[in-house]
Amino acid sequence: MGMLSVQGITKRFGGLTAVDAVSFEVHEGTIHAIIGPNGAGKSTAFNLLTGFEKPDAGTVSFEGATITGMRPHRIVRLGLVRTFQNTVLFDDMTVLENVLVGMHVRTRAGFIGSALALPRVRTEERLAAEEAHRLLRLVDLGEVADARAGDLPHGRRRLLEIARALGSRPRLMLLDEPAAGLNNAETAQLAETLRRVRDSGVTIVVVEHDMGLVMDVSDEIVVLNEGRKIAEGPPLLIQKDPAVIEAYLGEEAVDA
Amino acid sequence: MEASELLQLVIAGLKNGSIYALLALGFTIVYAATNVINFAQGEFYMLGGMLAVFAFSGLNVPLVAAVALAVVTVAGIGALFERLAIRPRKDADPMALIIITVGGSLVFASVARHLFGSDALPLPEFTPGPSFVFAGAAIERQTIWIWVIVTATVIGLTLLYNRTRLGRAMRACMENREAARLMGIDTARVVMVSFALAAALGALAGVAVTPLTSTRFDIGAGIAVKGFAAAILGGLGSPLAAVAGGLLLGLIEQAVIPFSSVLKDVVALAVLLLVLFVRPQGLFRRTRKEKV
Amino acid sequence: MAAVPATRTLRWALAAIAGGLVLAAPFVVTDKYLLRILTFVGINLIMVAGLSLLFGYAGQISLGHAAFYGLGAYTSGFLAKLGVAWPLALVAGVAAAALGGLLLALPSLRLKGHYLAMATLGFGEIMLFFFTETEVITGGSNGLRGIPPAGLGPLVADTPQTKYLLVWAVACVVLLLAANVVRRRPGRALRAIHGSEMAAQACGIDTVRMKVQVFVISAALGGLSGVLYAHYVGFISPSTFTLHYSLVLVTMVALGGMGSLAGAVAGTVLLTMLPYADAIIPGLSRATVELLQDWESDIHGMVLILVMLFMPGGLAGWGRSFLARISVRRARSAGGDA
Ligand SMILES: Nc1ncnc2c1ncn2[C@@H]1O[C@H](COP(=O)(O)OP(=O)(O)OP(=O)(O)O)[C@@H](O)[C@H]1O
Ligand SMILES: [Mg+2]
């Protein structure tokens, strides 16, 4: 069984079945992609995996533990972390503070310890700040650590969100359209960062519309359409899959 | 309890409830247009009464004209408040808008005190005369006026929403503001009209009730809480539900009186907290999930 | 980079100067009127420190904080009149307020924005009703008279100077502890919740727990402030614990700037002293002061509106841009030297 095992998860919004009995496995040390036309249910699937929505049916287990219906912060504690399609940063905090918030689950200091400035709290703060700086350098944001997060340009916001997610030292990271709005150079840098992160031992699932990026980095692809899984396999096979071509061509025909 | 006493309570409930209904309508109309709860809504009510008293006793204007003048002036104040204090920050987070309306309520109440003093001010009944007696229960003439005003308001709003372009635009904004904007509706105008309308309804309630209770600069906050309790009972969605919420709250209040007249004053607060904690979407509406 | 230690030194220096002034005040100030006002500043600071954590940092509005002030004041005042030792009465007052905070926080967790504002406002009004109606305990609208001054055995704070020192000692400790909290992990978590509850959860923050904790802490500080107030003035009545006082507190935090403790302190000092400006500004005419007092509510209301419209960062925002300008200038002159 894989690191993440998804069994028949289903989510209905009123009459619409946004995710319909979807199952897949994610294996440790890989980059997994989920693709599909707009409204296919990709973000909803992420919400179901990370506790932001409760599935109407199905189970999700992560490293052997059932996490279906668990609250989001507990899932993060287990080592499964996510980013959002529309990049939600803490705009009024500094870049460094954003990453420090990302490290919340790996630090302990509570109200009392912090108020009294206990030695262990001070040490923890110092170590956390060092690690946060290290993570920022990993995504090339080292020199803007003290800038206000809300002042960063779009591309750097995406990277900061990844750095913040890495702050929890996750085992598995779910990225929702990390390349949206990035230019070619930034996308190339992102691909590079993803590989670096994977090589550091973090498994990745990425929802992405940028097919270049998907084919470039992913080991395995799941294709959703109208809430259902219509294909699954390595990039080369997916590119040739008639159902996938049909789903995408259908979309383009509508777009045109 | 005798039937006539019961009837008397029902009459009082429907009287107060009508006032709450008018305030609840004000909250609902502004909320529908802007997602703002206007904490100054109670001050519009206070200002309505105050200005009517001032026009009638200070300027010696006939009562009818004084009432009209008060309502129109307060509507203007509402529109001006929206234009000067709300519109510049209309896209800010709700917190900023809450604080702005809270600030507005402080300023309105305080300015009223500077202008009209801190005494309770009376206004004569619209049509003085003995109460009507109906099945052993007395109905004050002013109560009839209050009912007439509420009924007229409901009919007027229904016509506005169904028969006029402006009303249809307001309804479209109520359903979905973004979509309304995309359809080319001038949402800024809808918002301003909504504030003016809400202020006018608040003022109307204040004017209608002042002959019975007199008015003071500091009554706004208390009545606003009741109006909001009514609005939230109704679910802050549809104007009709707001009216229903108001009447219901008025009746619930009276239902407590036989047990303890002291408790009457906390009933609205208790209802408010209960609804907020248990059914924040109101009695008549199904839950709506927000998109993550 | 040199700018960062510079502002830090500046900050410590300012804190040290402020601390020195605060401690020296009762020995220098002979004017009882001024000392009384300064004591009220201290009492309000404790209150506002709590509200700042809840509202300024976590972004959870409360329009009912006067209730916690009242819970602390009445509980402690009532017990002390029964002969309970002051430290015990104090603990009970703080506990009562904290419990009130917990009871309000739990059902309010789902509520945001207007709904939370209205729920806290309703809670405040209900508590005010109880303060007025439970005459056996609170003395009803006549209030509770003859509350003994704070004290422990033979040590009794019964002179203006000792009362001042007691209040300010507590205020300084509270502010120091709060300052320690806000720049560390819990403070960041609170600000994260303010920024986006969803993103905070995605970072592993138990937002429910955090919100309950900060609500209770905030209420407890309100209670502490109320206890000190009750034993300072010796007489409490419902007219103190009104919606109006809750709104004044919110004004202090908003004027200071959301997410800034220093700003909240500045806002509190300014707004508390404002109606008594003659005590610090010599030569201010009686008429001016009376005008200020008469227009106090208008000023509060206008402050709320104008701050939200034109300076959302509040006083702290001004302070920050001022410091930023200094450090830019320093960096520039340092660059020139090299
Ligand atoms: N909270 C919600 N309430 C109602 N409908 C929803 C909700 N969330 C998603 N949907 C609907 O579910 C369907 C799937 O949405 P989802 O956001 O998961 O798609 P997606 O694959 O992420 O699309 P995109 O590529 O545009 O991000 C859509 O039709 C959407 O409108
Ligand atoms: Mg999506």
Side-chain angles (χ1 to χ4, degrees), chain A residues 46-47 50-52 71-84 86-94 96-118 121-122 124-125 128 143 146 148-150 161 164-165 167-170 174 176, chain C residues 1 3-4 7 49-50 53 56-59 173-210 212-218 220-221 257-260 312-313 316-317 320-321 324 327:
Chain A
F46 268 17
N47 287 342
T50 50
F52 284 89
R71 282 167 51 206
H73 67 95
R74 298 208 32 216
I75 295 177
V76 177
R77 255 181 235 165
L78 294 177
L80 199 175
V81 69
R82 70 166 301 170
T83 65
F84 294 97
N86 49 350
T87 331
V88 193
L89 295 177
F90 307 116
D91 282 346
D92 286 329
M93 300 171 79
T94 67
L96 183 72
E97 284 172 328
N98 267 271
V99 180
L100 285 170
V101 173
M103 296 171 66
H104 188 86
V105 294
R106 290 177 44 226
T107 41
R108 294 268 75 85
F111 279 98
I112 295 174
S114 302
L116 300 177
L118 299 178
V121 172
R122 287 158 180 265
E124 179 184 279
E125 281 281 313
E143 77 282 17
D146 293 322
R148 191 176 157 273
E161 207 187 15
R164 186 180 68 188
S168 66
R169 201 174 284 168
L174 310 186
D176 199 346
Chain C
M1 283 322 293
V4 173
T7 54
L53 289 176
Y57 281 86
V173 170
V174 164
L175 287 175
L176 194 72
L177 297 183
N180 275 336
V181 165
V182 295
R183 59 200 183 86
R184 297 205 163 86
R185 180 174 175 268
R188 285 192 299 266
L190 295 179
R191 288 165 68 198
I193 289 174
H194 187 186
S196 159
E197 243 174 77
M198 190 177 71
Q201 288 172 359
C203 289
I205 294 171
D206 186 345
T207 53
V208 168
R209 192 187 148 95
M210 261 339 251
V212 172
Q213 280 183 340
V214 73
F215 228 113
V216 170
I217 290 171
S218 184
L221 287 176
M258 302 291 283
S260 165
R320 267 194 288 270
S321 55
S327 50

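Letters go in sequence order (proteins before strands), and every chain restarts at 1.
Between chain C and the residues A:L100, A:V81, A:D92, A:D91, the most heavy-atom pairs under 4.5 angstrom are made by A:L100. Looking only at heavy-atom pairs under 4.5 Å with chain C, the residue among A:V105, A:V88, A:T107 that has the most is A:T107. When each of C:T207, C:V208, C:L176 is scored by its heavy-atom pairs under 4.5 Å with chain A, the top score falls to C:V208. Of the listed residues (A:N98, A:V101, A:T83), the greatest number of heavy-atom pairs within a distance under 4.5 Å of chain C belongs to A:V101. Between chain A and the residues C:A200, C:S196, C:G195, C:A192, the largest count of heavy-atom pairs under 4.5 Å involves C:A192.
Residue A:F111 comes nearest to C:V181 through the heavy atom pair O-CG2, 3.5 Å, listed as atom of the first residue, atom of the second, then distance. Pairing each heavy atom of C:A189 with each of A:H104, the nearest pair is CB-CE1, 3.7 Å.
Between A:E97 and C:R183, none of the side-chain N atoms (NZ, or NE/NH1/NH2) sits under 4.0 Å from a carboxylate O, so this pair counts as no salt bridge. Remark: C:D206 engages A:R71 in a salt bridge, criterion side-chain N to carboxylate O under 4.0 Å.
Formation of a donor-acceptor pair under 3.5 Å by the C:R185 side chain with backbone atoms of A:S114 is not found in this model.
Of the residues listed (A:H73, A:M103, A:R164), the one engaging C:C203 in a side-chain contact (heavy atoms from CB on, under 4.5 Å) is A:R164, and it is the only one.
For A:L116, the CG atom counts as densely surrounded, since its 6.0 Å shell holds more than 12 non-hydrogen atoms of other residues, nucleotides or ligands. Remark: A:R106 CZ is packed, more than 12 non-hydrogen atoms of other residues, nucleotides or ligands lying under 6.0 Å away.
Scored by the side chain to side chain donor-acceptor pair (under 3.5 Å) test, A:E161 finds no partners at all (sequence neighbours excluded). Listed by chain and number, the residues in a side chain to side chain donor-acceptor pair (under 3.5 Å) with C:R184 are C:N180 (sequence neighbours excluded).
Remark: C:R188 CZ to A:M93 CE distance equals 7.0 Å, nearest 0.5 Å. Taken from CZ in A:F90 to CZ in C:R191, the straight-line distance is 10.5 Å, to the nearest 0.5 Å.
Side-chain contact check for C:M198 versus A:F52: some heavy-atom pair is nearer than 4.5 Å.
Only the side chain of C:L190 comes within contact range of chain A, with at least one heavy atom under 4.5 Å from a heavy atom of that chain.
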